[in-house]
Structure formats: structure tokens, C-alpha cells
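Below is one structure; the comments refer to it alone.
Quick note on labels: first sequence line is chain A, next is B, and so on, each numbered from 1.
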Amino acid sequence: MDQTRENTIRLPARIENLERLVDFVLSALRQAGAGEKIVADLHLAVDEACTNCVSYAYPEGEPGEIELTCRIGPNKFEISIRDWGRPFNPLKTPPPDLDLDLEDRPIGGLGVFLMKKFTDRLEYRREAKANILTIIKRR
Amino acid sequence: MTLKVKMMEKSPGVFHLAPVGSIDTASAPILEGEVNRALAASPRAMVFEMAGVDYISSMGVRVVIKTKKELARRGARFAMVEVPPPVKRVFEIINALPREEIFRSVEELDDYLSAMQKKVREGEG
């Protein structure tokens, strides 16, 4: 029997909704008994993914929606972030050059890099005109 | 978002900023606003007291890096003290701050700055 539990939230893709989106995930993780390290890592990953979405998915003046689905299974946590904006695969973002002196390093490009570092796997797919980024973290 | 930033000029030109809460996309502009207020006073050093920060995202890191760059451009110093482990981990992963700019406590920073000033005075003497 599949013991995976699934919860979904859909909100307008606006910065003022980021806190609700992140809190939705953190609360689901804590209810499922996730340790604080996992909660902290997924906090950062979900925050970065949602920030990208609300900042860049939709053209200015044409706000769309963002949907989060949290799947809690016996062995892993999966959070999918879906938007219906322009096609964008964040996994193709070039990594920042961490060897450059800070003074020479462009500010930016850190969000996706941090997401990769704080999760076990990231998957992207474009489906039915939606971008779907799935964050996977083992228990 | 829940972020409060306390700013103090602890000695002439040395501004301490103590953010309390989460530094994320929504709250990073609050910190940036306080940094700009301090920059307007032409500081010779800025110290971020981070003990009260429970979370930092890339947007918060950007504010810190931008502040450090601007201070370096002006020939002023930057330091962070009392950085909690989860916050420090983010900076370590992106290799963003040299070790000599992170101090365990304000006292450790004060000792370091006193030693630096002594060296400068001896060099001048």
C-alpha cells in the first residue's frame, strides 16, 4: 500500500505570498516528523524555487499562479512547484564561479546553486504549458 | 515578513547592524534599507551582528555581499560576528566570506581591530 500523503496549495504568484507557501511546506514537514536539518534544508530550497517563480515566471503586469504539492512518503519528501509562465528550466542555469574573488563575482545565480546543495535531487519538466520543478529529499 | 534590524554606531564611524529574524526575499530589502542608512553616514566599518538570524536565503546573501563590496570600494571594513551555524553554512557553501571577516563574538572582533590598529600605529611610529 502506498503510504504517501499529498497536500496542495495554489496561490497568486506574488512576493507577499512567499511566506504562506513556505509555511505550508514547513508545517507539512514538521507534522510528518521531519528533523530540523531536513526542515531547514527544504526551507531554503522551497524559498529559492518559489522566489524564482514569483520573480520571473510571468511577465510584469500579467500575474499568474503558483502551485505547491507536498508529497510525504515513508522514505522521502517531494515538493513540486508548478507555474504556468514562460518555459524556464532552472537546472540549466550555469553555476556561479565560486573561485572568483568576491569583488569580481557577479551578484546572482546563487539560488539554484543553493537548491542543488541543500537537496538530494531536483527534477524539471514542462507539461501542459506548465513548468514543474520537483525537489526531492531523502528522510 | 519577520525581520527587525537594530542599528548602533558603537564608536565613531563603526556601525553595528543586528538583524533579528529571517533574511529572505521579502525581508532582505529591510536589511538593505538599514545598510543604505548606515552607508549615508560614510562609515569606516560596518559589523553585522548575526546572532538573531535564524535563516538566510540567496537574497539575504546578496545584501551581505553587496554591502561588503560597497564598503571595500570605499576603503571601509566589513565583518560579521556571532553567525549561527545554519547561516554560516550557507556562506561556506558559496565560499562567500574569507575567514578573517567572521568573528565568534563582538569581543573577538574588538580584539582583532585593536591589534590591527596597534600594528598601524607601530608602522607609523
Based on non-hydrogen pairs under 4.5 Å, which of B:Ser57, B:Ser58, B:Pro86 is most in contact with chain A?
-> B:Ser58
Under a 4.5 Å heavy-atom criterion, the part of residues 40-65 of chain A in contact with chain B comprises A:Asp41, A:His43, A:Leu44, A:Asp47, A:Glu48, A:Thr51
Report yes or no: do A:Phe77 and A:Phe24 belong to one cluster of Ile/Leu/Val/Met/Phe/Trp/Tyr joined by side chain heavy-atom distances under 4.5 Å?
-> yes
To the nearest 0.5 Å, atom CZ of B:Arg89 lies from atom NZ of A:Lys37 at 4.0 Å
Shortest non-hydrogen separation from B:Ile93 to A:Phe118 and the atoms involved = CD1-CE1, 3.5 Å
Treating Ile, Leu, Val, Met, Phe, Trp and Tyr as nodes and any side-chain heavy-atom pair under 4.5 angstrom as an edge, say whether B:Phe48 and B:Ile30 lie in one connected cluster.
-> yes
What heavy-atom pair brings B:Thr25 and A:Ile15 nearest, and what distance separates the two atoms?
-> CG2-CD1, 4.3 Å
Flag yes if more than 12 heavy atoms outside A:Lys76 fall under 6.0 Å of its NZ atom; otherwise flag no.
-> no
Taking only residues two or more places apart in sequence, or in another chain, which ones meet A:Arg125 in a side chain to side chain donor-acceptor pair (under 3.5 Å)?
-> A:Glu127
Is there a chain of hydrophobic side chains (I, L, V, M, F, W, Y, each step under 4.5 Å between heavy atoms) that links B:Val87 to B:Met80?
-> yes
Shortest non-hydrogen contact from A:Leu98 toward B:Ile94 | CD2-O, 3.4 Å
Enclosure of A:Arg138 CZ (heavy-atom neighbours >12, cutoff 6.0 Å) = no
Whichever hydrophobic residues join B:Met8 through chains of side-chain contacts under 4.5 Å = none
With A:Arg121, which residues qualify under side chain to side chain donor-acceptor pair (under 3.5 Å), at least two apart?
-> A:Glu123
